[in-house]
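Notes to accompany the following structure.
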Amino acid sequence: MAGRRARSGRGWDATPPRTGDTPARPRRGRPSRSGPGATADPFDEGVRPTGSPDDSTGEPSRAEPRDEAEVAREICLRQLAVRPRTRAELAGALTRRGISSEVAAEVLDRYDEVGIIDDAAFARAWVSSRHAGRGLARRALANELRQRGVDGEVAGAALGELDEATEAETARALVDRKLRSARGEPDAIFRRLVGMLARKGYPPGLAIRAVKDALAARSAEAAEFADQIDPDALTPDLDPDLPSM
């Protein structure tokens, strides 16, 4: 429209200010992450909170060298937090992490003194737990303790708390539980059950007697088969690698 004056101000046809007329207004919101004095979220990975010792120089922070004994103690405590360990197991963990034998011995000796490491208590607890939970007999338990570095005399003392009567009761309980779902001829069942007990460390004679007695109580057919079993005659031929149920 002719003769109409151009509008100014903040309307749709406002004339933009010339550069330098009006200072730019600062943007609101989160501050920039760059530049001196920037404040960042300390929970962001790799972001260092403002005010850390290296802010003035811009140099990355450097961790102080850690004492080897302190590192060794932390390794041991992390291992022990999972489950009890023998001295040999902890020594192996320290060796794998590059701890010197001198420092390892010093730390482990101190743990022995204060009772944090106790191979005798470990062996007793291991025997009790593995016998009750897995039904393992003394021979299998002795092998497990040896693999964990328990001294033979210490292991023998712990295994001595598991007597023959307790082993026989556990063997019979294992057989009775397996028999509930066993299928097949008495001869096949007998061989599988004896093999299962042999792999758990039970002596051949004990294993045969436990299975024979359990079969005798199952049915007339099984009882007739059990009457023909001679534990003394079968013991030399027992194959511990028989297939399990």
Side-chain angles (χ1 to χ4, degrees), residues 33 39-164 166-167 170 197-203 240-241 244:
R33 291 178 179 264
T39 303
D41 185 352
F43 293 100
D44 285 349
E45 185 177 358
V47 176
R48 188 175 64 251
T50 301
S52 63
D54 294 322
D55 277 346
S56 58
T57 62
E59 294 292 331
S61 58
R62 298 179 181 177
E64 292 294 329
R66 300 181 64 192
D67 180 66
E68 188 180 11
E70 179 185 354
V71 175
R73 287 190 291 270
E74 289 185 1
I75 293 171
C76 289
L77 292 176
R78 283 198 299 269
Q79 291 283 313
L80 292 168
V82 178
R83 67 164 175 82
R85 309 273 179 175
T86 65
R87 180 183 177 113
E89 287 180 311
L90 292 176
L94 294 176
T95 299
R96 290 190 296 271
R97 293 292 299 275
I99 302 299
S100 66
S101 58
E102 295 79 6
V103 171
E106 177 185 344
V107 170
L108 296 177
D109 285 345
R110 178 56 180 164
Y111 280 5
D112 272 330
E113 292 175 7
V114 299
I116 295 177
I117 300 175
D118 187 340
D119 280 5
F122 174 94
R124 290 192 300 269
W126 186 271
V127 168
S128 176
S129 174
R130 298 286 283 176
H131 179 76
R134 298 289 301 277
L136 299 184
R138 283 176 293 184
R139 186 173 62 182
L141 292 168
N143 184 53
E144 290 188 341
L145 291 174
R146 182 169 58 252
Q147 291 175 351
R148 284 154 183 79
V150 177
D151 177 76
E153 184 175 348
V154 173
L159 292 167
E161 299 182 8
L162 180 60
D163 56 32
E164 293 183 3
T166 302
E167 274 194 325
T170 303
L197 290 179
R199 283 185 294 277
K200 287 182 177 292
Y202 289 90
D241 295 324
S244 60

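Only a predicted model underlies this, so the values are computations on that prediction, with no experimental measurement involved. When reading the values below, keep in mind they use all heavy atoms of this one structure, side chains included, and skip hydrogens, waters and symmetry mates.
- Residue pairs meeting the side-chain hydrogen bond (donor to acceptor under 3.5 Å, both in side chains) criterion with at least one member in residues 146-161, sequence neighbours excluded: Asn143-Arg146.
- Heavy atoms only, all atoms of each residue included: Val103 and Ala69 are closest at CG1-CA, 3.7 Å.
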Check residues 117-128 and write down every donor-acceptor pair under 3.5 Å in which the side-chain atom is one partner and the other belongs to a residue at least two apart or another chain.
from   : atom 1 : to     : atom 2 : distance (Å)
Asp118 : OD1    : Ala120 : N      : 3.2
Asp118 : OD1    : Ala121 : N      : 3.1
Asp119 : OD1    : Arg87  : N      : 3.1
Trp126 : NE1    : Glu144 : OE1    : 2.9

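- Across all non-hydrogen atoms, the minimal contact from Tyr202 to Gly135 is OH-O, 2.7 Å.
- For the atom pair Leu162 CG and Arg130 CZ, the distance stands at 13.5 Å (nearest 0.5 Å).
- Ile75 has its side chain out of reach of Val107: every pair of non-hydrogen atoms, C-beta onward, lies at least 4.5 Å apart.
- Closest non-hydrogen pair, Gly201 versus Arg139, comes out as O-CB, 3.4 Å.
- Looking at heavy atoms from C-beta onward, His131 lies out of side-chain contact with Leu136 at the 4.5 angstrom threshold.
- By the ring-ring contact (aromatic ring centres under 6.0 Å, His included) test, Tyr111 is found to be paired with no residue, residues two or more places apart in sequence or in another chain being considered.
- Within the 4.5 Å cutoff, side-chain heavy atoms of Leu90 are placed close to those of Leu80.
- For residues 94-105, every residue pair satisfying the side-chain hydrogen bond (donor to acceptor under 3.5 Å, both in side chains) rule, not counting sequence neighbours, is listed here: Glu68-Ser100.
- Heavy atoms only, all atoms of each residue included: Val150 and Ala155 are closest at CG1-N, 3.8 Å.
- Sequence neighbours left out, not one pair with a member in residues 70-93 passes ring-ring contact (aromatic ring centres under 6.0 Å, His included).
- The local environment of CD in Glu164 is sparse, with at most 12 non-hydrogen atoms from other residues, nucleotides or ligands closer than 6.0 Å.
- The side-chain hydrogen bond (donor to acceptor under 3.5 Å, both in side chains) pairs that include a residue from residues 71-82 are Arg66-Glu74, where partners are two or more places apart or lie in different chains.
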